[in-house]
Number of protein chains: 2
Amino acid sequence: MPKLGMEPIRKDALVKATISEIGRTGSLDVTVSQIAKRAGMSSALAHHYFGSKEDMFLAAMRHVMTIYGAEVRGALSVAQTPMDRIEAIVVASFSPANFRREAVGAWLNFWVLAQTVPQAKRLVAVYQRRLKSNLLVGLRPLAGARAETIAEGLGALIDGLYLRQVLRPGAPDGAAAAAMARDYLAAHLGAEPLQTMK
Amino acid sequence: MPKLGMEPIRKDALVKATISEIGRTGSLDVTVSQIAKRAGMSSALAHHYFGSKEDMFLAAMRHVMTIYGAEVRGALSVAQTPMDRIEAIVVASFSPANFRREAVGAWLNFWVLAQTVPQAKRLVAVYQRRLKSNLLVGLRPLAGARAETIAEGLGALIDGLYLRQVLRPGAPDGAAAAAMARDYLAAHLGAEPLQTMK
DNA sequence: AAGTTTATTGACTCGTCAATCAACAAAAAA
DNA sequence: TTTTTTGTTGATTGACGAGTCAATAAACTT
């Protein structure tokens, strides 16, 4: 009994189901049928709304990044000082949500996807640019000319710490990761604003 | 015309072919037949020597890590000072070899594999421990009690910088990554050996 | 010489899966 | 009311793939 305006609802359900299934299997080795089943429809319908499985992956990727982006934006909106802003980004990056099985599966597998699907690589690049630019807003008042380099380094450190927590045996420790990031900041900000020699 | 003692030769060929194919496709979505073909044998023979495809993946993973380990060990063997040691590890980690398509494909996909295959997770953990311990040897004379934290952070930073170079559009810049790692060191060593307050 | 171990493959089994299609149903437009 | 658009699925296509097996053959053992 077809109700109209199903498209966005179905697509949304499929995107979420895609992420769930990637998290469940830990890989991109999920079938359209599995996804469709979890989203409560036939695989044919999934193919109807998304032309191909790859399109579903890309939509799922955008969704994960949107969620993360919203989390960061929410945290930033209550930040007062520049330091607050950086702290907000760090905390959001290591929030429990990002360590859920689905999120982990999504990120790792999207990195893999980025190797071969240009569209996916572009999305990853967008994420990296946005992270850096968010960090810069907080860093420039604190570090001036060195802000660029510090933002680059802190961005990489956040990714690296995340990766390590995820690959570590046992439960990930977001707080420890955040502490390391703060340490990095302290060393780069507190120490040598005067060091100019290369 | 069976010559004896083929096993190690065949296995070696399969391992290398596995890495090649993973690099070529950028994913673990490679068939045993593709691997076997590239290694110059039938897929049945591949199954004869390795029981399953997963076994081939794990063997390939060990091989990649062995290569990297050898590279690091070689660089360390000529290091004189503690600082030399750290520098050697950094340079080796961002060597062109590690940015070859095969190496990139291997690392990214092995991270994914580690999510679901405990054996793979263990191998990743071994790599992380070894990196940290190598860094520690160089860091302890320079940083004393803070060596632990710095090694942890530098290890994560190296992974994060690697990831960023790999995902960046365009050719990766190992030298830039190494420079960032040095920057991290400088900030953590040169600055506040006296800072004790939390 | 007979028996055993090692090397090797073509053919096959059993299964999966992405994508398509024909067909049906209901709402909206004409 | 007829037509068009939107929603929906069962069935099918066409292809591929991991792992097994029987069979063949060379080399080594006894």
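Quick note on labels: first sequence line is chain A, next is B, and so on, each numbered from 1.
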Send over the distance from [X] [atom1] to [N] [atom2], rounded to a whole Å.
{"X": "Leu14(B)", "N": "dT8(C)", "atom1": "CG", "atom2": "C1'", "result": "13 Å"}
{"X": "His48(A)", "N": "dA22(C)", "atom1": "NE2", "atom2": "P", "result": "15 Å"}
{"X": "Asp29(B)", "N": "dC17(C)", "atom1": "CG", "atom2": "C1'", "result": "12 Å"}
{"X": "Arg10(B)", "N": "dT6(C)", "atom1": "CZ", "atom2": "P", "result": "16 Å"}
{"X": "Lys37(B)", "N": "dG10(C)", "atom1": "NZ", "atom2": "C1'", "result": "16 Å"}
{"X": "Glu7(A)", "N": "dA26(C)", "atom1": "CD", "atom2": "C1'", "result": "17 Å"}
{"X": "Ile9(A)", "N": "dT6(D)", "atom1": "CD1", "atom2": "C1'", "result": "13 Å"}
{"X": "Leu45(A)", "N": "dA23(C)", "atom1": "CG", "atom2": "C1'", "result": "15 Å"}

Output the single nucleotide from [options] whose closest atom is nearest the side chain of [X].
{"X": "Met6(B)", "options": "dT8(C), dT6(C), dT20(C)", "answer": "dT8(C)"}
{"X": "His47(A)", "options": "dA19(C), dT20(D), dC21(C)", "answer": "dA19(C)"}
{"X": "Gln34(B)", "options": "dG17(D), dC21(C), dA18(D)", "answer": "dG17(D)"}
{"X": "Tyr49(A)", "options": "dT8(C), dG7(D), dC17(C)", "answer": "dG7(D)"}
{"X": "Thr31(B)", "options": "dA18(D), dA18(C), dT9(C)", "answer": "dA18(D)"}
{"X": "Ala44(B)", "options": "dG7(D), dC28(D), dT9(C)", "answer": "dT9(C)"}

Are Phe99(B) and Tyr162(B) an aromatic pair, judged by ring center distance below 6.0 Å?
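Yes - the distance between ring centres of Tyr162(B) and Phe99(B) falls below the 6.0 Å cut-off.
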Is the distance between the ring centroids of Tyr127(A) and Tyr68(A) under 6.0 Å?
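Yes, they do, as the ring centres are separated by less than 6.0 Å.
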Are any non-hydrogen side-chain atoms of Ser27(A) and Gln115(B) less than 4.5 angstrom apart?
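A side-chain contact is absent here, since even the closest heavy-atom pair is not under 4.5 Å.
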Test: Glu102(A) and Arg24(A) ion pair at under 4.0 Å:
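So Glu102(A) does not pair with Arg24(A) through a salt bridge.
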Is Glu152(B) salt-bridged to Arg146(B), going by a charged N under 4.0 Å from an acidic O?
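No.
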For Ser43(A) and for Pro8(B), find the nucleotide of DNA chain C with the closest heavy atom, then tell me which residue's nucleotide is more 5'.
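Its nearest nucleotide being more 5', the pick is Pro8(B).
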